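What follows is a single structure, written as structure tokens, with notes after it.
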Amino acid sequence: MDISKLSAITDQLIYEVEKIIVGKTDQIRMLLMAVFSEGHILLEDIPGVGKTTLVKTLSYVLGCD
């Protein structure tokens, strides 16, 4: 895949996720890198900051179950 197309897709995914999750752009980018590289990520933060909502929103935007 062309890097410019991947960049455009990534920007669009971030845009869609940020409709629900505000202020977590770095975390969204890390999650997308993990998805694209078929890797893993550990989200650590205090309770109640939206980790689960972030992952569920990204899953929805990507069309996952």
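Everything numeric here is computed off the predicted structure, so don't read it as measured data.
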[atom1] of [X] to [atom2] of [Y]: how many Å apart, nearest 0.5 Å?
{"X": "Leu13", "Y": "Leu6", "atom1": "CG", "atom2": "CG", "result": "9.5 Å"}
{"X": "Phe36", "Y": "Thr10", "atom1": "CZ", "atom2": "OG1", "result": "4.0 Å"}
{"X": "Ile28", "Y": "Glu16", "atom1": "CD1", "atom2": "CD", "result": "11.0 Å"}
{"X": "Lys51", "Y": "Ile21", "atom1": "NZ", "atom2": "CD1", "result": "11.5 Å"}
{"X": "Met33", "Y": "Ile41", "atom1": "CE", "atom2": "CD1", "result": "7.0 Å"}

Tested for side chain to side chain contact (heavy atoms under 4.5 Å, CB included) against Lys24, the lone hit among Asp45, Leu31, Thr53, Val17 is Asp45
Glu18: partners by salt bridge (charged side-chain N to carboxylate O under 4.0 Å, His left out), with sequence neighbours left out
none
In terms of hydrophobic clustering (I, L, V, M, F, W, Y; side-chain heavy atoms under 4.5 Å; direct or indirect links), are Tyr60 and Leu43 co-clustered?
no
Kindly work out whether a path of hydrophobic side-chain contacts (I/L/V/M/F/W/Y, heavy atoms less than 4.5 Å apart) joins Tyr15 to Leu32.
no
